[in-house]
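Have a look at the structure below, then the notes.
Bear in mind that the values here come from a model prediction, so they are computed numbers and not experimental data. Reminder, nothing fancy here: chain letters follow the sequence lines and each chain counts from 1.
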Amino acid sequence: MLQELAEKYDLPRLILEQRSISKLKSTYTDKLPIQVKSTSGRIHSSFQQAIAATGRLSSTDPNLQNIPIRTPEGRRVRKAFIAKEGFKLMAADYSQVELRIMAHLSRDAGLLSAFSSAEDVHKATAADVFNTPVDSVTAEQRRSAKAINFGLIYGMSAFGLAKQLNISRGEAQQYVERYFERYPGVRTYMDETRVFADENGFVETIFGRRLYLPGITASNAMIRKAAQRAAINAPMQGSAADIIKQAMIDIDRWLRIGDLDASMLLQVHDELVFEVREKDVELLSEGVKFRMMTAASLEVPLLVDIGVGNNWDQAH
DNA sequence: GAGGGGAGCGCG
DNA sequence: AAAGCGCGCTCCCCTC
């Protein structure tokens with residue numbers, strides 16, 4: 001609501017700015033320093049394993065899975081997470097893992113090829129949807145394609161896409177139609193997933209872990225639609241959760257051997273954060289990358305980006 | 001003073 | 001009438 005008004009007026013913009021800054025202060029700047037344990041000089045978060053419906057971990061006391069990164073002011077908080085003397089922080093991120101899982105699950109030829117050929121999948125999608133060479137894709141087209149890609153994972157409608165991109169509903173509808181023309185397997189997969197959920201009352205990840213959806217047969221259309229969106233999303237979000245957990249187990253087993261001076265500190269859904277002695281950075285990087293990439297074998301490669309730095313922001 | 005519930009905002 | 005998935009924390013209002 002304010003978001004829209006802020007495009008035209010100063011007051012709503014200032015209100016949003018104030019809220020954002022006070023959020024940073026109350027939740028992070030004021031709080032994190034007093035959560036440092038005196039015995040270790042560190043913050044010790046808890047990771048819950050049986051909270052999120054899709055099988056993700058959740059982090060509490062404090063939540064270290066929502067440390068700011070999207071704005072320059074927020075990133076200053078992230079810079080406060082530093083490696084101890086002689087060590088580096090290393091972040092290892094899966095690249096577009098949920099979209100890759102969608103390609104795997106749908107077996108859609110176009111999406112599979114977008115991933116096998118392109119280094120930038122949103123750009124590749126833009127080229128397909130807007131029927132233009134990859135090199136001619138504009139920033140605007142890429143932005144639209146990215147919104148479509150993310151929207152699909154969440155079960156978004158043309159209405160939601162229109163709002164997201166600030167375009168008319170008809171235009172958004174055209175984008176969606178062109179997308180499904182190019183990637184018909186994705187539409188089929190989504191239709192089949194809704195039917196499966198309706199008939200069985202659950203959906204499952206690649207590895208067979210289930211999410212039950214009691215709302216899928218509700219007479220209330222709003223509840224039913226929400227359950228359908230959850231049914232679309234859960235196999236992707238849940239399979240991604242399964243994969244990174246497998247990688248964590250493999251990495252833990254490997255690090256326990258003790259050849260490397262390194263520890264796994266955090267998991268942030270598609271990212272693992274390590275602290276590693278400087279001399280072991282290269283070995284850790286290679287070992288982590290290999291284990292994350294081979295935690296599952298899909299129809300598309302799983303790519304991992306690695307970053308190293310003295311603080312968590314630098315490691316990205 | 002404790003705790004519920006909603007709004008709002010931080011992240012993937 | 002609503003319209004985008006999954007979380008946790010702070011603030012505020014309210015009740016007990």
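The closest donor-acceptor contact from the side chain of A:H104 to the backbone of A:E299 lies under 3.5 Å. A:Q246 places no side-chain N or O within donor-acceptor distance of the main-chain N or O of A:I243, the cut-off being under 3.5 Å.
Pairing each heavy atom of A:D108 with each of A:G185, the nearest pair is OD1-N, 2.6 Å. In terms of heavy atoms, A:A247 sits closest to A:R291 at CB-O, 4.1 Å. When all heavy atoms are compared, the tightest approach of A:A262 to A:L255 is O-CD1, 4.1 Å. Heavy-atom minimum distance, A:R209 versus A:G238: NH2-O, 3.3 Å.
Residue A:N63 places no side-chain atom within donor-acceptor reach of the base of C:dG8, judged by atom type and a 3.5 Å distance cut-off alone.
For A:S58, a side-chain nitrogen or oxygen approaches OP1 or OP2 of C:dG8 to under 4.0 Å. At the phosphate of B:dC9, neither OP1 nor OP2 sits under 4.0 Å from any side-chain N or O atom of A:R70.
Atoms CD1 (A:I43) and P (C:dC9) sit 13 Å apart, rounded to a whole Å. Counting to the nearest Å, the P atom of B:dG10 and the CD atom of A:Q18 are 12 Å from each other. The nearest whole Å value for the distance from the CD1 atom in A:I101 to the C1' atom in C:dC5 is 14 Å. Rounded to an integer number of Å, the gap from CZ of A:F47 to P of B:dG12 is 14 Å. Taking atom CD1 on A:I15 and atom P on C:dC11, their separation rounds to 18 Å, with Å as the unit. Across the protein-nucleic acid pair, A:D30 atom CG and C:dC9 atom P stand 16 Å apart, rounded to whole Å. The CH2 atom of A:W312 sits 11 Å away from the C1' atom of B:dG12 (whole-angstrom rounding). Rounding to whole angstrom units, OH of residue A:Y28 and C1' of B:dC11 are separated by 7 Å.
Separation of the C1' atoms belonging to B:dC9 and C:dA1 is 25 Å when rounded to the nearest angstrom. Only the C1' atoms considered, C:dA3 is 23 Å distant from B:dG5, to the nearest whole Å.
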Side-chain donor-acceptor pairs of residues 274-283 of chain A under 3.5 Å, sequence neighbours excluded:
from: A:E275; atom 1: OE1; to: A:R42; atom 2: NH1; distance (Å): 3.2
from: A:E275; atom 1: OE1; to: A:R42; atom 2: NH2; distance (Å): 2.7
from: A:E275; atom 1: OE2; to: A:R42; atom 2: NH2; distance (Å): 2.8
from: A:E275; atom 1: OE2; to: A:K84; atom 2: N; distance (Å): 3.0
from: A:R277; atom 1: NE; to: A:D261; atom 2: OD2; distance (Å): 2.7
from: A:R277; atom 1: NH2; to: A:D261; atom 2: OD2; distance (Å): 3.1
from: A:D280; atom 1: OD2; to: A:D261; atom 2: N; distance (Å): 2.8

Reading DNA chain C 5' to 3', what string of ( ), [ ], | and . shows its pairs, if Watson-Crick and G-U wobble pairs count only when both distances fall under 3.5 Å?
....||||||||||||
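Against DNA chain B, the stretch residues 225-234 of chain A makes no heavy-atom approach under 4.0 Å.
Across C:dA3, B:dG12, B:dC11, the shortest atom-to-atom separation from the side chain of A:Q237 is found for B:dG12. The side chain of A:M222 approaches C:dA2 more closely than any other nucleotide in the set C:dA2, B:dC11, C:dC9. Distances from the side chain of A:S20 to the nucleotides B:dG10, C:dC7, C:dG6 place B:dG10 closest. In the set B:dG10, C:dC7, C:dC9, the nucleotide with an atom closest to the side chain of A:D61 is C:dC9. Of the listed nucleotides (C:dC11, C:dG6, B:dC11), C:dG6 has the atom at the smallest distance from the side chain of A:R56. Across C:dC9, B:dG10, B:dG12, the shortest atom-to-atom separation from the side chain of A:H269 is found for B:dG12.
Exactly one of A:L99, A:V137, A:N149 qualifies for a side chain to side chain contact (heavy atoms under 4.5 Å, CB included) with A:T125. That residue is A:N149.
The shortest side-chain heavy-atom distance between A:D250 and A:R253 falls under the 4.5 Å cut-off.
A:S45 is linked by a side-chain hydrogen bond (donor to acceptor under 3.5 Å, both in side chains) to A:S59, counting only residues two or more places apart in sequence or in another chain. For A:R194, the salt bridge (charged side-chain N to carboxylate O under 4.0 Å, His left out) partners are A:D191, not counting sequence neighbours.
If you check every strand for non-hydrogen atoms under 4.0 Å, A:I69 touches sugar and phosphate atoms only. Looking at heavy-atom distances under 4.0 Å, A:S59 makes contact with sugar-phosphate atoms alone, never a base. Residue contacts for A:L57: at a heavy-atom cut-off of 4.0 Å it reaches no nucleic acid atom on any strand shown. No engagement by A:K163 is indicated, since no non-hydrogen atom pair under 4.0 Å with the nucleic acid exists.
Ring geometry for A:F202 against A:F196 counts as perpendicular: the plane angle is over 60°, on a 0 to 90° scale with 30° as the lower cut.
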Table of protein N/O atoms under 3.5 Å from nucleotides 1-8 of chain B N/O atoms:
from: B:dG8; atom 1: O3'; to: A:R19; atom 2: NH1; distance (Å): 3.1
from: B:dG8; atom 1: N2; to: A:K23; atom 2: NZ; distance (Å): 2.9

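Taking the ring centroids of A:Y179 and A:Y175, they lie at or beyond the 6.0 Å cut-off.
Mapping A:L211 and A:R169 onto DNA chain C by nearest heavy atom places A:R169 at the nucleotide closer to the 5' end.
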